[in-house]
Amino acid sequence: MSENTSTRTGALGDLKKMFGSGSSNLRQFGILFSLIAIILLFQYLTDGLTLSSGNLINLVSQYSYILILAIGMVMVIIAGHIDLSVGSVAAFVGIVVATAMRDWNFPWPLAILLGLVVGMLIGAWQGAWVAYVGVPAFIVTLAGMLIFRGGNQVIGNANTVPVPDGFTIIGSGYLPEVGPNTGFNNLTLLLGLIIVLAVVASEWRARRVQKIMGSTPAPLWASIVKVVLLCAVIVYASVLFAGGRVGTSFPVSGIILGVLVLFYAFVTRNTIFGRHVYAVGGNKLAAELSGVKSRRVNFLVMMNMSILAALAGMIFVARSVASGPQDGLSWELDAIAAVFIGGAAVSGGIGTVVGSIIGGLVMAVLNNGLQLLGVGSDWVQIIKGMVLLVAVGVDVWNKSQGRPSIIGLLTRKKKTTEFPAEPPLVVPDTGTPESARPPATRPN
Amino acid sequence: MSPDHVILEMRSITKEFPGVKALSDVSITVKRGEIHAICGENGAGKSTLMKVLSGVYPAGTYTGDIIYQGQNVHFKDIRSSEEAGIVIIHQELALIPELSITENIFLGNEPTKWGAIDWITAKKTALELLARVGLRDNPDTLIKNIGVGKQQLVEIAKALNKSVKVLILDEPTAALNESDSMHLLDLIRGLKGKGISSIMISHKLNEIEQVADSITIIRDGKTIETLDVVADGVNEDRIIRGMVGRSLESRFPDRTPHIGEVFFEVRDWTVQHPQIAERMVVKRSSLNVRKGEIVGIAGLMGAGRTELAMSIFGRSYGNFISGHLYKDGKEIVLRSVADAIDHGLAYVSEDRKALGLNLLDDVKRSVVSAKLSKISSGPVVNDSKEFGIAEEYRKSLRIKTPSVNAGVSKLSGGNQQKVVLAKWMFTDPDLLILDEPTRGIDVGAKYEIYGIIQQLAEQGKGVILISSELPELLGLADRIYTVFEGAITDCIPAESADPETLMKSMTSARKKVQSI
């Protein structure tokens, strides 16, 4: 069938298509828009300090672990749960790893492996309570928050345990200098180039897929503008990252984050497991009656969260060169805030990895910008709280008005959709030729 | 007619949603103390019209006038329409299960004395109201402990408490059994005597024919006609003609069954209630299905039909006690839904919103959701295959949706049901268990779904059809099992079955059944 006859007109309609259609994409577009606005605002307020090499590098290495938590958290929240224990789990794993290296002479790669295994065991423990015993995740992880915070202090005697140099690479390492001296970090530039090529390729593929699926893709100029804009941003960013103080460049933790984002965005969007996570969160009973093993999904989602928390904890320890009793304090709140700013729903079933990362970046840029301006941590907290409330509030309000976002409001379609009449599937005996039912209108 | 007799008039109501015109120029006139039925297929705009009237869609979001008791009114929300005496009772009841009857009746409208709730007055009034609707339960009973039929009465009592003048009932008898329905309709008739007008939306045309004074027929968001039941000599066929724009002489498509041999058997199936250990919801039930056969299951609500079906379908209900399943001559053990799907079983649930669909999903994701492995390579789902398959089903089942990327929550009931059918057809089942597949679906879509069921049988699949509507069973099934209190009481070939014999077996545990 030649698709619906709806027509979208106007430049805004095309703009909307540029960033993909569909309500979840639109919401992400709205958050992305806010992120850009916030960056520009602070760039102006800090006289260009925000988008300086040093600050950007700092921003990435300082917030990568929160963003890693947000990846796991969005999956937990999509499945309809919450995890309050991530900060404590991170701290616990951090101290175990630091102690293993100091007291038991673990080489650092083995220590990282140990950390991930400990994270997995903790996750299995919490996941089992949630999935197989049926205790709400809020309770299980509230308990976990206490247990593992205490565990950290038991193992470390409430002291700080330093970590060796090799280990610190995952938290404070940078892409190394290789090749000719260009005044820039060559690997960082290469990374930027690879990402540019990937963006071009993926847009090209997306257009092809859209054509196969019979939906009209955005006009070619829109795609080109989109790709050029994105590439400009990437090139600009890679030059900034590559042109920092000698010895610094794009942080290793940023690369870990990037790989995780790609991996989990793919898992949630394109795999059976990802579909099952959304299904369990959207309607558990219907999912179970479709053959989804909801317990296993819940177990895996909770376990995955703790593994990522372990990783985040180790990156933090590596960055601060020691594990201490106060590590990871209130990280869970930052991660949860990032996920909700990123468009996830408290009731489950809705949310995206990329959205949560953008949400986390909003918080990070805000935090960073306010610090650069010399705003005290008291006010930073108040402002962050308000941003969370307003972001989710606007989202909820828009949804209650039946619009996906502010952008959605601006680009609302004017024309009505009509279904073309089709012949009935089965023609009743007495059916006359003109008896084909006329087009339906909106369901009620 | 003199204006005094008219209590409510909606003139040229037009309501648009982004992209869709749901109502265009719809007008209805309701007289004081009449029962006015609104008929139309799903998606015709009935519920939208009632939402406009009750203020769910506030004044300003539609065009046209509502003249109520001689005045042009502009309701800004449900509360303001209720204050004016227009009360809507939704298809999905809006009662709180954990509160008592009294608390529910007075929710949001509590009588107070010195700022505290005056429970004595409340209970006294509740008793009076319950007497008026003919409910003899203790007003302290929790809503969750009374049946749907009684809950419906509590809703009406709640409306009476608000001194209702126009009562809107959206599919009031959809979830009720025969005797509860009769009671409710009697009650509505009684209210009419007290000067209360009722607007009733129902798909049960026989009920409309019985109780309505006038009928407005809506099709595709437009008023088609208003009929006076007595003067125009309206009958069911007349209404159907108005609704679908054609007459449906045969309500079931023709079919010559091609029945093969028995391929699926249930023997001595016994299932325990999930909470109450002493209660067996299914008792030593045996049945069989042949290839290409449509097997009906008739039983009153609560007889254990759904429990039987769900427990067969991978033990998704209750605690399995004993029994055996045989497919193609071999015994199979289905411990989970996934097992059941792998063995070629499919179950279309009676409650498509709660159990059939994830309402957050779009059409294409819903269609493939029960067998993702079929369109995946390893763990990765293939998007374009998914799209292609959804498109195929959209065309072959005529699912009315702007595209397969649209959310299922935006579809009408009939189209949602087609999505659920597509979802299960996609799993390539050998045996489909359809639990009330046409509940809450309009006549036209029903006819299409009957056609789909028959096609499935034609392809050699076995179909178990559970239905509360005896005409449906008699029209479709080749053989009908009757269930009473968890046990199968009879098995009747369709050609020798009639409503009376079925009803007898559905209400008594007389015979021990021999498979035929």
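Note on naming: letters A, B, ... go to the chains in the order of the sequence lines (proteins, then strands), and numbering restarts at 1 for each one.
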### Message
Are there over 12 heavy-atom neighbours, none belonging to B:R255, within less than 6.0 Å of that residue's CZ?
### Response
yes

### Query
Is it the backbone or the side chain of B:E386 that comes under 4.5 Å from a heavy atom of chain A, or both, or neither?
side chain

### Task
Compare every heavy atom of B:K423 with every heavy atom of A:A286, then report the nearest pair and how far apart it is.
O-NZ, 4.4 Å

### Heavy-atom contact with chain A under 4.5 Å, split by part of B:V368
side chain

### Nearest-0.5 Å distance that lies between atom OG in B:S336 and atom CZ in A:R295
12.0 Å

### Query
Of all heavy-atom pairs between A:I272 and B:G378, which one has the smallest distance, and what is that distance?
CD1-O, 4.0 Å

### Query
Relative to chain B, which segment of A:K293 carries a heavy atom at a distance below 4.5 Å: side chain, backbone, both, or neither?
side chain

### Summary
All heavy atoms of B:L357 vs all of A:N283, minimum pair found to be O-ND2, 2.8 Å

### Query
If you look at every heavy atom in B:F313 and A:L289, which pair is closest and at what distance?
CE2-O, 3.5 Å

### Task
Against chain A, work out which of B:A338, B:A340, B:G388 has the most heavy-atom pairs shorter than 4.5 Å and name it.
B:A338

### Query
Which region of B:M50, side chain (C-beta onward) or backbone (N, CA, C, O), has a non-hydrogen atom less than 4.5 Å from a non-hydrogen atom of chain A, or is it both or neither?
neither

### Query
For B:L360 and A:G282, which heavy atoms make the closest approach, and how far apart are they?
CD1-CA, 3.8 Å

## Note on the structure
The interface call for B:I341 against chain A, heavy-atom contacts under 4.5 Å, is side chain

#### Entry: B:V56: partners by side-chain contact (heavy atoms from CB on, under 4.5 Å), with sequence neighbours left out
B:K51, B:S54, B:I78

### NZ (A:K284) with more than 12 external heavy atoms under 6.0 Å
no

### Query
Under 3.5 Å, is there a donor-acceptor pair between the side chain of A:N270 and the main chain of B:V380?
no

### Task
Looking only at non-hydrogen atoms, find the nearest pair between B:N358 and A:Y278 and report the distance.
ND2-O, 3.6 Å

### Task
Carefully, step by step, assess B:D383 and A:R269 under the rule side chain to side chain contact (heavy atoms under 4.5 Å, CB included).
CA-CA 10 Å; B:D383 282 350; A:R269 227 183 5 222; over 6 Å; no

